[in-house]
Amino acid sequence: MNSAPNAPLAPENPALTGIDVASRLPSAVANAPLFKRNSFGFDVQAEWALSITSAAQLQATMDIILAAGWPWRVLGGGSNVILPSFLPGITLLMDIAGQAIQEESADGTLLSVGAGVNWHEFVTWTLDHDLPGLENLALIPGTVGAAPIQNIGAYGLEVGEYIQAVEAFDCATQSMVEMAASQCHFAYRDSIFKANPKRYIITRVDFVLPKAWSPRLHYADLAQAFSEVDQPSPEAIFVAVCRIRNRKLPDPKLIGNAGSFFQNPIVSHAQYEQLLKQFPNLVSYPEAGGQRKLAAGWMIDHCGFKGVRAGSVGVYENQALVLVHYGQGDAKAVLELAKTIQDEVHRTFGIDLLIEPIRY
Ligand code: FAD
Ligand code: NAP
């Protein structure tokens, strides 16, 4: 499934001047700084921000916002977004807490987790409770509620594999819905939620972690880490994933970034064979249906961008797929650099790189 292209950046003018937002939404905060909800570290301010701590509060809030026609958007941890300096209208901050084991059976364990729970803390909690399965997804920044949006994945594992159901507020019907995993259309970095922006606001995610566990170590970095170990434990894999990621990826607390800036393109076998004739070292991996996933990081590196700096932003020196912000920059600067990279990759390979983080 292909996602809709990102919307253009919002204009930098207030939308709710003269409207008594405080009397309708008493917990909303005016002119809220969003530095901590924006892993790029841009200087961002929301006209109004409101912390959402329960599904009932979300439903009541959305009734008001939708009836009034106010502009709105949802933020989790802000680690997969490109935010302009000003966000008009209401920004909902998803802070719904809570994680619990609902049911245990011989086959697996059912867990319910609030949308605002920190993803990495949740993965740590599962392992502390002897529930393996999610260790390959350790250290992914952000919230549990955002995990289904792009079906987060790393080291050959996608979160959708372990999701049983997603509870959400459906803005089209203005009611709470529970969607089974089969209704979520999980695909490579994609889902029904990503394909229908502003329709669903996720409040809870249910996971089933099966009792039968086996390590997934086919990515080279992990295979190498355990080349001399017979049966690594889930905890050992968790530690290795954290170590590898800390070595290869920039920590947003130290240097602003949103992880991979571009998606890996998936092309037909014929297009892949054509490219291979021209670029015998092209890095790619087989996909279902004979398609081929091209390593966008390799293509960007091949075009000479790895480690390049353009003023306040640049391409990370250890992974060309990650664009970084050194400070004093903004969304415009990173998008200009992205456009330069997209143009050059298109000129060289005839491939259009799609931006992964969501633009506002
Ligand atoms: P946000 O950035 O706040 O939001 C992302 C999008 O989801 C927005 O459109 C927002 O409106 C929407 N959204 C957020 N919460 C909800 C909700 N409750 N209901 C409805 N919509 C919602 N991603 C991977 O897949 N794999 C990785 O290995 C990975 N590594 C990363 C490493 C780094 C250093 C960084 C900075 C990012 C990485 N990412 C990775 C991207 C990012 O961590 C994930 O996409 C994560 O799920 C984003 O969570 P968030 O809470 O920060 O979402
Ligand atoms: P890596 O392991 O160096 O791999 C480079 C690229 O090749 C990745 O994009 C990966 O695709 C692909 N790849 C490598 N081995 C593969 C295999 N055996 N089968 C299929 N595809 C393979 O990547 P990295 O930068 O160190 O990141 C490690 C993992 O963390 C990757 O899975 C990556 O997706 C994930 N990550 C994601 C983000 C994000 O923001 N989305 C940010 C950082 C890291 P995939 O990307 O499809 O896995």
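All heavy atoms count here, side chains included; hydrogens, waters and symmetry mates do not. Remember, it's 1-based here, ligands and their atoms both numbered in the order they're listed.
Side-chain atoms of E135 and W213 form a donor-acceptor pair, as typed in the model, at a separation below 3.5 Å. Q102 and S112 share a side-chain donor-acceptor pair at under 3.5 Å. Between the side chains of D95 and T53, no donor N or O sits under 3.5 Å from an acceptor N or O.
In this structure the side chain of K211 never reaches within 4.5 angstrom of the side chain of S105, judged on heavy atoms. Counting heavy atoms from C-beta on, the side chains of V166 and F193 come closer than 4.5 Å. L157 places a side-chain heavy atom less than 4.5 Å from the side chain of Y162. Using a 4.5 Å cut-off on side-chain heavy atoms (C-beta onward), L93 and L34 make contact. Contact of the I90 side chain with the L16 side chain is registered, since non-hydrogen atoms from C-beta on lie closer than 4.5 Å. Annotation: side chain of W119 is not in contact with side chain of P141 (no heavy-atom distance under 4.5 Å). You'll find the side chain of F207 reaches within 4.5 Å of the side chain of F122, heavy atoms only.
Proximity of K194 to ligand 1 is not established, as no heavy-atom distance is less than 4.0 Å. Assignment of Y360 to the shell around ligand 1 is supported, since a heavy atom sits closer than 4.0 Å. Look at R73 and you'll find every heavy atom at least 4.0 Å from all atoms of ligand 1.
When heavy-atom distances to ligand 2 are checked against a 4.0 Å cut-off, K248 comes that close only through its side chain, counted from C-beta outward. By the criterion of a heavy-atom distance under 4.0 Å, neither the backbone nor the side chain of W119 is placed next to ligand 1. Neither the backbone nor the side chain of V283 has any atom closer than 4.0 Å to an atom of ligand 2 (non-hydrogen atoms only). Residue contacts with ligand 2 for Y188 involve side-chain atoms from C-beta outward but no N, CA, C or O (heavy atoms, distance under 4.0 Å). Contacts of L249 with ligand 2, taken as heavy-atom pairs under 4.0 Å, involve the side chain alone.
Proximity annotation for atom 45 (O) of ligand 1: of N80, V166, V324, N80 comes nearest, heavy atoms only. Of the candidates L58, V74, I96, it is V74 that places a heavy atom closest to atom 13 (N) of ligand 1. The closest heavy-atom contact to atom 23 (N) of ligand 1, among the options Q150, H120, R37, comes from Q150. Of the candidates Y285, F262, F261, it is Y285 that places a heavy atom closest to atom 14 (C) of ligand 2. Of all the listed residues (Y316, Y155, W298, Y219), Y155 holds the heavy atom that lies closest to atom 28 (C) of ligand 2. Atom 15 (N) of ligand 1 has its nearest heavy-atom neighbour, among P357, A146, G259, in A146. Nearest to atom 38 (C) of ligand 2 by heavy atom, out of S260, G156, G153, is S260.
Ranking protein heavy atoms by distance to atom 8 (C) of ligand 2, first place goes to N264 ND2, 3.9 Å. Among all protein heavy atoms, the one lying closest to atom 5 (C) of ligand 2 is Q319 NE2, 4.6 Å.
Between F262 and the options V322, I341, V345, a side chain to side chain contact (heavy atoms under 4.5 Å, CB included) holds for only I341.
Within ligand 1, the atoms closer than 4.0 Å to a non-hydrogen atom of G78 are 1 (P), 2 (O), 3 (O), 50 (P), 52 (O), numbered from 1 in the order shown. In the vicinity of G76, heavy-atom distances shorter than 4.0 Å reach the ligand 1 atoms 1 (P), 3 (O), 14 (C), 15 (N), 51 (O). Within the listing of ligand 1, atoms 49 (O), 50 (P), 51 (O), 52 (O) sit less than 4.0 angstrom from a heavy atom of G142. Of all atoms in ligand 2, listed by their number and element, those nearer than 4.0 Å to a heavy atom of H218 are 18 (N). Each of the atoms 19 (N), 20 (C) of ligand 1 lies under 4.0 Å from some heavy atom of I201. Using a 4.0 Å cut-off to heavy atoms of Y200, the atoms of ligand 1 that qualify are 20 (C). Close approach to G153 involves these atoms of ligand 1, each under 4.0 Å from a residue heavy atom: 24 (C), 25 (O), 26 (N), 27 (C), 28 (O). The distance from ligand 1 to the heavy atoms of M94 drops below 4.0 Å at these ligand atoms: 18 (N). Using a 4.0 Å cut-off to heavy atoms of A154, the atoms of ligand 1 that qualify are 28 (O). Short contacts between ligand 2 and E356, defined as distances under 4.0 Å to a heavy atom of the residue, involve ligand atoms 39 (C), 40 (O), 41 (N).
At a 3.5 angstrom cut-off on N or O pairs, I152 does not count as close to ligand 1. Backbone and side-chain nitrogen or oxygen atoms of T143 are examined, and one is located within less than 3.5 angstrom of a nitrogen or oxygen of ligand 1. Among the atoms of P250, none of the N or O lies under 3.5 angstrom from an N or O of ligand 1. Checking only distances, S79 does come within under 3.5 Å of ligand 1, N or O to N or O. Any N or O atom pair closer than 3.5 Å counts here, and A258 shares no such pair with ligand 1. Looking at ligand 1, you'll find an N or O of I202 within less than 3.5 Å of one of its N or O atoms. Annotation: I140 places no N or O atom under 3.5 Å from an N or O atom of ligand 1; distance criterion only. Between L249 and ligand 1, a contact under 3.5 Å exists for no N or O pair.
Salt bridge present: R347 and E344 bring a charged side-chain N and a carboxylate O closer than 4.0 Å. Taking 4.0 Å as the cut-off between side-chain N and carboxylate O, R24 and D20 do not count as a salt-bridged pair.
Contact between M62 and C171 at its shortest, heavy atoms only, is CE-SG, 4.1 Å. Here the closest non-hydrogen pair linking Q57 and S51 is NE2-O, 2.9 Å. Across every non-hydrogen atom of L83 and R37, the tightest pair is CD1-O, 3.9 Å.
Pairs of residues two or more places apart, or lying in two chains, that qualify as salt bridge (charged side-chain N to carboxylate O under 4.0 Å, His left out) and include a residue from residues 237-258 are D221-K248. Contacts classified as salt bridge (charged side-chain N to carboxylate O under 4.0 Å, His left out) and involving residues 264-293 (residues at least two apart or in different chains) are not found.
The protein reaches atom 22 (C) of ligand 2 closely, with a heavy atom under 4.0 angstrom from it. Contact annotation for atom 3 (O) of ligand 2: protein present (non-hydrogen atoms, distance under 4.0 Å).
Atom NZ of K339 sits in a sparse spot, with 12 or fewer heavy atoms from other residues, nucleotides or ligands closer than 6.0 Å. Heavy-atom contacts from other residues, nucleotides or ligands closer than 6.0 Å to CD of E103 number 12 or fewer.
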